Amino acid sequence: MIEPTEAAAPAPSDFIRDIVSQHVAEKRYPGIVTRFPPEPNGYLHIGHAKSICLNFGIARENAGRCNLRMDDTNPTKEDVEYVDSILTDVRWLIAGWADHVLGMRSVSGSEAPYYASDYFEQLYEYAVALIRKGRAYVCDLNAEETELYRGSPDKPGRESPHRSRPVAESLDLFQRMRAGEFPDGARALKAKIDMGSPNIWLRDPVLYRIRHASHHHTGDAWCLYPMYDFAHCLSDYIEGVTHSICTLEFEVHRPLYDWILESLELPRALPRQYEFAKLIPSYTIVSKRKLIQLVNEKSVSGWDDPRMPTISGIRRRGIPAAALRRFVTSVGVTKYESVTEIALFEHTVREALNALALRRMAVLRPVKLVIANIPEGEAIPCEAVDNPQDDNPRTRHVDLTREVFIDADDFSEAPPPKYFRLKPGGDVRLKYACIVTCTEVVKDASGRVAEIRCTADLDSKAGGANAARKVKGTIHWVSAASAFEAEVRLYDRLFTQADPEIGGDFRQTLNPHSLEVVTAKLEPCLRDARAEERYQFERLGYFTLDSADSTPDRPVFNRTITLRDTWAKSGDR
RNA sequence: UGCCCGAUAGUGUAAUGGCAGCACAGCAGAUUCUGACUCUGCUUGUCUAGGUUCGAGUCCUAGUCGGGCAGCCA
């Protein structure tokens, strides 16, 4: 769904979109085609979300297409589990926004993503063509020798002894590499470019390597696999991609991307590569390797743990796709590598949730409040608003009874200055109900507050004679008679430091309080909570039903994010 | 001491040779049956040095600082 805040946002503009617009104006291509090319070796995270929104965004703004393509050229690292999660995550992120430009392959009636591995045969033919042109050769050097021959950034490399091998010999060897005649690493196909180039990637880079390994998509059909540089540019070309957008670390690969395509003397217009700076939010990590570590070391419950910066974690946390899109779009597209304050994301999430969340009352750390002048068994119906942000807000009823629960935070025996909540002898409004005055505090044997007693000004309820009576504070509550208990998971940032790597190891800065589980008292209508719905527990934050662990008789709620709390921040408390 | 890329408030970003703006964060206040939302005000910026120009954040040169590149990973 496109939400109002997203719809109202101005069309994004950045240096890549400027280039695309120019190409559209000069009719350089028949249509604009981009692609999102993840390697299925991990779950997608917030950084990928930026790439998805950029690529699909450009496609939808130009009536083009964005292909979803698995960049699966390394069988030893990839798995179908990741293919499936990628598909789910992309569909969720673009749903209602860019599904109409999603480029997929039709396979026997149903849709499937593109796979670079589906092009292995064509890619092999292109490699043969390159050999025939004298632009590639089979090299017998092993990996260590290749590294030695490559030189270093400030020292040119040396030419391989096999560099001038006759074309026919390379052709024969390459065919035998495919046939499985040689073990892993015995030979490789290399581009014949320039061992003296200041750009390392132009020093006869490896194009194909031998890997006797099964591939998650092609099975055992191949023991010869193309490298990223060879497969990527040609996959783009095969699919008719016009703008191949990637992150900054591939900038030095661009000359190779162009070299391969140009060397092949292809008939159609060539795709071009453009690079942008990836998204790095503070208080989190976006490295697949490190995210895998968090999962494997059980620092989190899995890839979709609501604290994870993965798209699946963000979804489970209760963050709407539109909010994620709006955030990754709002940070812009530049070539400046920066760290984006997570506060910007949190703001976007609150903005989206404030507009759509249903207000409910929930008490996280219950303390009993007994209202002396309400007889036992009596229920005073009160009208509560579902969402005051709506033009014509809907309402529901909550019953005020003799015994209610309030949050422990909302009562203080020794309140700090400017404390607006309940205190001995003080009064406070029970939201949607009436004003109560604290008359007595009952403690248990250990000295803890066991029960608070008060009297209510029954006329201060909406519609009553004292409805307009003002008090400093208003607190939420639930009726002890009708509230039910449920598990509520209070999530916080996964790391305590803006830069989790500050001390050298991100595991040292994990936030020990990133998850707190409480048994809360919830207002009865929350029994009908739905997974797609977003709720605001009044004065506390935004919550949603946990998609994985909830059952109909045992709901589990996740806190997506707290409300902004200037009182807590003021330091007065 | 190779090559490539970058640098605008605390953070992110805009200004395409012509008034340095926006959002977030922060601070102060108003409002409030959510210490939320909303509203008002405030603080804070063009890395440095030269050059071109009537005029430079923008163009040129040099420097400084930061990032990337030496996988048969992507």
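Just so it is clear, the structure is predicted and the values come from calculations on it, not from any experiment. In the text below, chain A, chain B and the rest are named by the order of the sequence lines, each starting its count at 1.
Counting heavy atoms of neighbouring residues, nucleotides and ligands inside a 6.0 Å radius, atom NZ of A/K472 does not exceed 12 of them.
Contact annotation: A/S282 does not reach the phosphate of B/U11 (side-chain N/O to OP1 or OP2, under 4.0 Å). Between A/R564 and B/U38 there is no side-chain N or O to OP1 or OP2 distance below 4.0 Å. At least one side-chain nitrogen or oxygen of A/K470 sits closer than 4.0 Å to the OP1 or OP2 atom of B/C33. When the side-chain nitrogen and oxygen atoms of A/T334 are compared with OP1 and OP2 of B/U13, one or more of them lie within a distance under 4.0 Å. Within the 4.0 Å cut-off from OP1 or OP2 of B/U32, not a single side-chain nitrogen or oxygen of A/T474 is found. Regarding contacts with the backbone of B/G67, every side-chain N or O of A/K278 stays at 4.0 angstrom or more from both OP1 and OP2. In this model, the phosphate group of B/C73 is approached by a side-chain N or O of A/R209 to a distance below 4.0 Å at OP1 or OP2. An OP1 or OP2 oxygen of B/U34 is reached within less than 4.0 angstrom by no side-chain nitrogen or oxygen of A/R359.
In this pair, A/W567 lays its aromatic ring flat on the base of B/G35, centres within 5.5 Å and planes under 30 degrees apart. Aromatic stacking of A/Y336 on B/A7: not satisfied for centres closer than 5.5 Å together with planes under 30 degrees.
A distance of 6.0 Å or more separates the ring centres of A/Y119 and A/Y124.
Taking the ring axis of A/Y535 as reference, the NZ or CZ atom of A/R360 does not stay both within 45° of it and closer than 6.0 Å to the ring centre.
Salt bridge A/E181/A/R187: absent, no basic N to carboxylate O contact under 4.0 Å.
A donor and an acceptor atom never sit less than 3.5 Å apart when one is taken from the side chain of A/H476 and the other from the base of B/A36. A/R421 contributes a side-chain N or O that forms a donor-acceptor pair with the base of B/G35 under 3.5 Å.
Each of A/E249 and A/D18 was matched to the nucleotide of RNA chain B holding its nearest heavy atom; the match closer to the 5' end belongs to A/D18.
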